[in-house]
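Take a look at the structure set out below.
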Amino acid sequence: MKGLRKVLTPFAPDQSGASGVLYSMGALIVIIDAGGCTGNVCGFDEPRWHETRSAVFSAGLRDMDAILGRDELLASKIKSACERIDTAFVAVVGTPVPATIGTDYKALKRLIENKIDIPVVPVISNGMKLYNEGEKEAYKALIDEFAEDAPFVIKDQIVLGMTPLTYGKDHIDITLDDIKNIRGAKKLIAASSSGIDACEYLGQDFEIVSLIYKNNIPEGITGKTLVCHDEVVGKTLRDAGVDCDIATFFKLHDSVRQDGDKKITEEDEFIAMVRDGGYDTIAADICLKDLVPGYKGNWVDLKCFAISGRT
Amino acid sequence: MKHEAVFFTAEEILKRGKAGIPDELLSGKNLVYSSPATLAYNSPGAEGFGVKRAGLSVPESVMLIVAPGCCGRNTSLISSMPEYKNRFFYLEMSEPDLVTGRHLNKIPDAIKEVLAFLKDTGKKVPKVVMICITCVDALLGTDMDRVCRKAEDALTGGEFEGVKVRPCYMYALTREGRRPPMVHVRQTIYSLLEPMEKDARSVNIIGGFAPLENTELITYLKLAGIRNIRQISTCKTFEEFLEMASANFNIVIDPEARAAAEDMNKNLNIPYIELTRVYSTDKISSQYKALASVAGIDINDSEEKAEADEAVAKLKNAYPDLTFNIGECTNANAFELALSLVRMGFKVDEIYATLAPENFVYVKNMALLSPDTKIYCNMEPTMLYYKISSSKAQVTVGKDAKFYCPDIPNIAWNQDTRPFGYQGVRDLMNKVFEALKEAEA
């Protein structure tokens, strides 16, 4: 059945992706939820939370707040927090609750900005899409708000999409300064699907490559291989000489896709690719092996935090 | 900007009175800071026995989480525990589902597919399927009882006839409402019981989802001739669980089980007695006297009380000026524990807990004995700026207290199994003693 998961647990959702992009930017991040979504972000999907404190807050919504659409109360809570916490800007991140009640993010931005004198960046996410979509929305919102048309500082290189959800502990954080000066960067690198989306949104030239796997083929990959990870990881391995098809649960851009590659959604689609593909090697997070217990070939564990939660 | 965590002393709070508890210490008045305690507290599915684990405390059950993917994401933490393998399944909601509500129509077929999958892969077919739904369906006003009845009906006449389907509401939005998720899930669990003949020598202990630790309560009940003392966590099979309906009375050890106990009183004719976990040995003694009186049994607690008092004395003699910091992510009411420790002669420098009005009485008494004790709220945004350097404590209790005071010996005291009565006091004192001795070594 479409949407039914019998073996795997759900992958990182868009709100986790959005929070992950914002985490290192010195923002006051407000997740518009009752608490559970923030628990998922900080308690599970944000490995940095255990190492460095960041201002990630739950809006602490209650049923009547949602039913009555008490945006004014939310704005007042944010104002109160801003009076006591240093922050460069406020980011409000969507969840299923605002998606259900049809929150108008533009209006919410105006409402909050009328109470405080720092920018408010709304990121439209709903917990039903995957993390790469949330990362993309966060990049777009940041670019819209902060990217300068003619920056004074020229950055040599800015990497977009190298977030913990794709790369675990090998992530590269970007700063608010990077976003401000992004239009003047000498080189833009898209390190994952959301990086491609962000670069395309900017409309500038960019290179699609995973800095982790560039000229670094994981040990054990031999013969015809199925790479199941972010599309850029697959492309980078292919560019390095691996004979592979790409399967991804996330997004597959036309600029990456080749014959044999597939965007998959359901567990059964992965099972079918493995069953029918005749692959010598599967390069994918080891948790996916539970889907194909009968697979006798070679398995190379390509960790993906967004899938398994392993760093 | 001060860059300091906001706190109030017990004396300041007493001066303000119960009606004047500062907004900074109350839930619902501010954005919620992501401390370990608030992550566990806020998210009914995040840690400890949230709705998900609680729902699966019914023996031979599985859970189908029908929700946006984000609601089931952290379940992989639980799924990796051996006792939950092959017990969680997910029906992910999409954006069109949100608009059309069609996800509800898919539930009967999804249940059939899950049951067939378990059968075909050689796993045990469950007796109960718990359907866990979340905030979205709370807002959509889904009648989940009806959906579950319909799903049960759809199994009639097929190979899975008889499998029960029940709802679990993981509604974080309602956590301060009349029936918060952890109250509701207990009602759901015990609603599976059906009337049966009473056994005068059977008692249930309800409220927890893991067994009580080796507490004297069980011993007292056995000495009083109670033959069957049942807790849901010790029932190995669904049939064994159903025998809880034969109990003569229930002992409620968590106020969140009160509504379930009321239901059982009404539907199964099982009355209940409520016992509270406290850390004052005098209060524990009073509770046992009340239990003996109500249940018509004899309880002689002098030996256990003496043991607990001895453990307190041992710690006090070794560390006469011992100062604690107390968190709320622990098997205790942080305010009651703090007051009990102060009454034992220890000091409490800081408490990290949300001050619900019903806990004001503890702070009021604390203000008389320890007016300078500082009270922080785990949820308050300025906890971002909490600095360890300001604390005078030598030991902390609670997982959250460790987060704020990482360099001080800590007793997490948040184990799944519940400490209770004199055993709780004795073991906590001994753990503190051991932790301090270990730190010295």
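Not measured: the values here are computed from a predicted model. In the text below, chain A, chain B and the rest are named by the order of the sequence lines, each starting its count at 1.
Listed by chain and residue number, nothing satisfies the salt bridge (Lys or Arg N to Asp or Glu O under 4.0 Å) test with B/R87 (two or more places apart in sequence, or in another chain). Take B/K29 and apply the salt bridge (Lys or Arg N to Asp or Glu O under 4.0 Å) test, not counting sequence neighbours, and it matches no residue.
Crowding of B/K150 atom NZ: a count of heavy atoms from other residues, nucleotides or ligands under 6.0 Å not exceeding 12. Heavy atoms of other residues, nucleotides or ligands lying less than 6.0 angstrom from NZ of B/K123 number more than 12.
Scanning residues 98-111 of chain B against chain A with a 4.5 Å heavy-atom cutoff picks out B/L98, B/K106, B/D109, B/A110, ordered by number.
At a 4.5 Å heavy-atom cutoff, B/L118 makes no contact with chain A through either its backbone or its side chain. For chain B, the nearby parts of A/T100 are the backbone and the side chain; heavy atoms of each come within less than 4.5 Å. Proximity to chain A (any heavy atom under 4.5 Å) is restricted, for B/S79, to the side chain, taken from C-beta onward. Only the backbone of A/I307 comes within less than 4.5 Å of a heavy atom in chain B; its side chain stays farther off. Using a 4.5 Å cut-off between heavy atoms, A/L28 contacts chain B through its side chain alone, with no backbone atom that close. For A/V30, the part lying near chain B is the side chain, with the backbone staying farther off; criterion is any non-hydrogen pair under 4.5 Å. Contacts between A/S54 and chain B at a heavy-atom distance below 4.5 Å involve the backbone alone (N, CA, C, O).
A heavy-atom distance below 4.5 Å is found between the side chains of A/I101 and B/L139. Between A/S58 and B/L31, every side-chain heavy-atom pair lies at or beyond the 4.5 Å cut-off. In this structure, A/L4 and B/L64 have side chains that are in contact, with non-hydrogen atoms separated by less than 4.5 Å. Under the 4.5 Å side-chain criterion, counting only non-hydrogen atoms from C-beta, A/V7 is not in contact with B/F89.
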Worksheet item: Stepwise, does the ring-ring contact (aromatic ring centres under 6.0 Å, His included) test hold for A/W49 with B/F403?
Response: CA-CA 12 Å; A/W49 186 79; B/F403 175 75; 5.7 Å; yes
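When all heavy atoms of B/Y90 and A/T9 are compared, the pair lying nearest together is OH-CG2, 3.1 Å. Between B/L173 and A/L61, the shortest heavy-atom distance links the atoms CD2-O, 3.7 Å. In this structure, B/A172 and A/G36 approach most closely via the heavy-atom pair CB-N, 4.3 Å. For the pair A/I85 and B/P381, the tightest heavy-atom approach, listed with the atom from each and the gap, is CD1-O, 3.5 Å.
Proximity of a side-chain donor or acceptor of A/N40 to a complementary backbone N or O of B/R73 within less than 3.5 Å is not detected. The backbone N or O of A/M1 sits less than 3.5 Å from a side-chain atom of B/E113, completing a donor-acceptor pair.
Summarising the geometry, atom CD belonging to B/E92 is positioned 12.0 Å from atom NZ belonging to A/K2; distances are rounded to the nearest 0.5 Å. Taking NZ of A/K6 as the reference point, atom CG of B/L91 lies at 11.0 Å (rounded to 0.5 Å). To the nearest 0.5 Å, atoms CZ (A/F57) and CG (B/N30) are separated by 9.5 Å. Taking OG of B/S34 as the reference point, atom CD of A/E46 lies at 10.5 Å (rounded to 0.5 Å).
For the set B/S76, B/C70, B/A138, the count of heavy-atom pairs under 4.5 angstrom toward chain A peaks at B/C70. Of the listed residues A/I67, A/D45, A/N126, the one with more heavy-atom pairs under 4.5 angstrom with chain B than any other is A/D45.
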Per-pair distances, 0.1 Å, donor-acceptor, side chain in residues 114-123 of chain A, under 3.5 Å, sequence neighbours excluded:
unit_1, atom_1, unit_2, atom_2, d
A/N114, ND2, A/R110, O, 3.3
A/K115, NZ, A/E72, OE2, 2.6

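Taking 4.0 Å as the cut-off between side-chain N and carboxylate O, A/R84 and B/E4 do not count as a salt-bridged pair.
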